[in-house]
Protein chains: 2
Amino acid sequence: MNKKTDLRILRTKQSIRKAFYELVQEKGYEAITVQDIADRAMINRNTFYLHYQNKPDLLDTCMNELLSDLKDAIVLCPISMNPFSISLLETVMQTVLEHISLNMTFYRSMLIEENRIYQFQAKMEKIINDKLVEGWQPAQENSPLAVSKELLIEYLGSAFMGIVIWWVKNDKPLPVDEVSSQFSRIVAYGHLRAAGIAVEEEN
Amino acid sequence: MNKKTDLRILRTKQSIRKAFYELVQEKGYEAITVQDIADRAMINRNTFYLHYQNKPDLLDTCMNELLSDLKDAIVLCPISMNPFSISLLETVMQTVLEHISLNMTFYRSMLIEENRIYQFQAKMEKIINDKLVEGWQPAQENSPLAVSKELLIEYLGSAFMGIVIWWVKNDKPLPVDEVSSQFSRIVAYGHLRAAGIAVEEEN
DNA sequence: TAAATAAACAACGTGATGTTCATTATTTGT
DNA sequence: ACAAATAATGAACATCACGTTGTTTATTTA
């Protein structure tokens with residue numbers, strides 16, 4: 001029974017987080033001062049420094065907290081072994097978009113506009129990339145079209161995040177399954193066939 | 001002969017730019033103070049405010065100056081009409097990578113690490129996307145795999161930038177032509193064939 | 001060479017940061 | 001229920017960078 005944290009600490013921390021989330025959405029991270037947070041949380045400015053080193057520290061804590069939810073959701077996605085990642089990509093995309101839907105206002109303030117926090121995007125992309133690496137399957141080496149694994153992972157991760165951000169920015173212009181399916185089809189079969197343009201085969 | 005700008009202005013502006021570029025590479029944009037710039041440029045801090053509103057204003061001016069070079073280079077790339085953008089993508093990628101090679105240290109400090117300036121990336125991506133839209137060709141509408149144009153443009157732009165940044169970050173792990181060719185092949189034919197994995201055809 | 005103007009110099013008010021310290025209030029464990 | 005522990009408050013302080021306002025000096029232009 002030794003390790004029970006003081007109730008005051010829990011209360012204070014919680015109200016700081018809540019105030020911070022609200023303020024980020026209202027005026028954007030950069031414009032926030034520690035005093036703003038203290039006012040909103042109805043605590044003394046000093047008390048803030050009792051719990052967080054500074055504003056970036058608080059931001060980091062909050063981002064990690066929320067992204068760990070996303071990570072947990074993604075980790076559960078099954079890895080399809082052959083062909084690599086077509087259904088994996090589709091499943092992960094669905095999972096991500098659904099998770100975002102549940103926390104839309106927050107994701108918006110993190111990913112969109114000039115107030116956006118690019119660190120968040122970077123952290124998110126890392127989560128995606130890790131999952132892609134996990135689901136990687138070596139190619140036949142003697143294929144004439146073989147490409148570098150690193151290049152391909154980077155390609156997939158960036159394209160993935162691009163679509164996600166586009167989807168958030170445009171307020172869900174397409175349903176989740178539609179985006180997931182279109183995305184995985186472009187990735188798999190190439191944009192020529194995906195876009196309905198005839199492909200002449202190479203020899 | 002009325003509109004000749006004072007030599008002092010030209011001198012001062014030039015030394016401010018030079019100092020700024022150096023400092024950005026040395027300690028990163030955020031860590032720089034106006035006083036730093038003034039010291040390095042050997043001018044009074046006041047003089048800085050005679051030419052730029054503030055630090056972000058200077059940053060913006062510098063970014064636009066350097067990206068306009070890139071833009072000019074890209075604009076010259078021919079648009080291949082059919083099939084859409086395969087060779088366009090390859091050509092643009094080559095152009096971009098070559099341009100970056102010529103200004104590597106600067107691009108590094110803009111695109112890589114924690115000191116990176118994400119605004120720059122966004123501006124760059126916009127240039128790419130504009131070119132892609134310009135080279136766009138409508139698909140056959142009744143194709144079973146048809147995807148949204150907006151989604152596809154976003155897809156291409158993000159993937160493009162992802163590869164570029166990956167290439168800069170890893171210090172040119174592959175030659176320019178190799179990257180360009182691999183990238184355009186993934187985009188065109190899909191990552192399955194590009195990675196050398198067998199593709200079973202859809203019905 | 002005189003008028004125009006850019007740059008330097010000095011000073012000021014502002015606002016946010018992070019820290020210190022004494023005091024008050026609350027919680028915990030016995 | 002109470003004493004000890006500790007969290008939160010409030011006030012103060014030094015620091016730093018910002019952006020602005022004058023006045024004076026130096027340079028450039030015509």
Between A:Asp171 and A:Arg108, is there a side-chain N and carboxylate O pair less than 4.0 Å apart? yes
Strictly distance-based, threshold 3.5 Å: is any side-chain N or O of A:Arg40 a donor or acceptor partner for the main-chain N or O of A:Leu23? no
Side-chain N or O of A:His51 closer than 4.0 Å to phosphate OP1/OP2 of D:dA7: no
Shortest non-hydrogen separation from B:Val75 to B:Lys131 and the atoms involved: O-NZ, 3.3 Å
Please list, in numerical order, the residues of residues 32-47 of chain B that have a heavy atom closer than 4.0 Å to any atom of DNA chain C. B:Met42, B:Ile43, B:Asn44, B:Asn46, B:Thr47
d(CG, B:Leu10; C1', D:dT29) in whole Å: 13 Å
Compare the minimum distances between each of D:dG19, C:dA7, D:dT6 and the side chain of B:Arg8, then state the nucleotide with the smallest one. C:dA7
If you check the B:Asp6 side chain, which of C:dA6, C:dG18, D:dT20 turns out closest? C:dA6
Atom CD1 of B:Ile9 to atom C1' of D:dT27: distance rounded to whole Å? 12 Å
For C:dT26, take OP1 and OP2 only and decide whether either is under 4.0 Å from a side-chain N or O of A:Arg11. no
By nearest nucleotide on DNA chain D, pick out whichever of B:Asn54 and B:Leu7 is the more 5' one. B:Asn54
Could B:Lys27 and B:Glu22 be called an ion pair, given the rule that one side-chain N must be under 4.0 Å from one carboxylate O? no
Integer-rounded Å distance: D:dT20 C1' and B:Phe48 CZ: 15 Å
Here the distance between atom P of D:dT20 and atom CG of B:Leu50, to the nearest Å, is 11 Å
Pair A:Glu90 + A:Arg185: basic N to acidic O under 4.0 Å: no
Report yes if at least one side-chain N or O of A:Thr12 is closer than 4.0 Å to OP1 or OP2 of D:dA7; otherwise report no. no
Heavy-atom pair with the smallest gap, counting every atom of B:Ala31 and B:Asp36: O-OD2, 3.8 Å
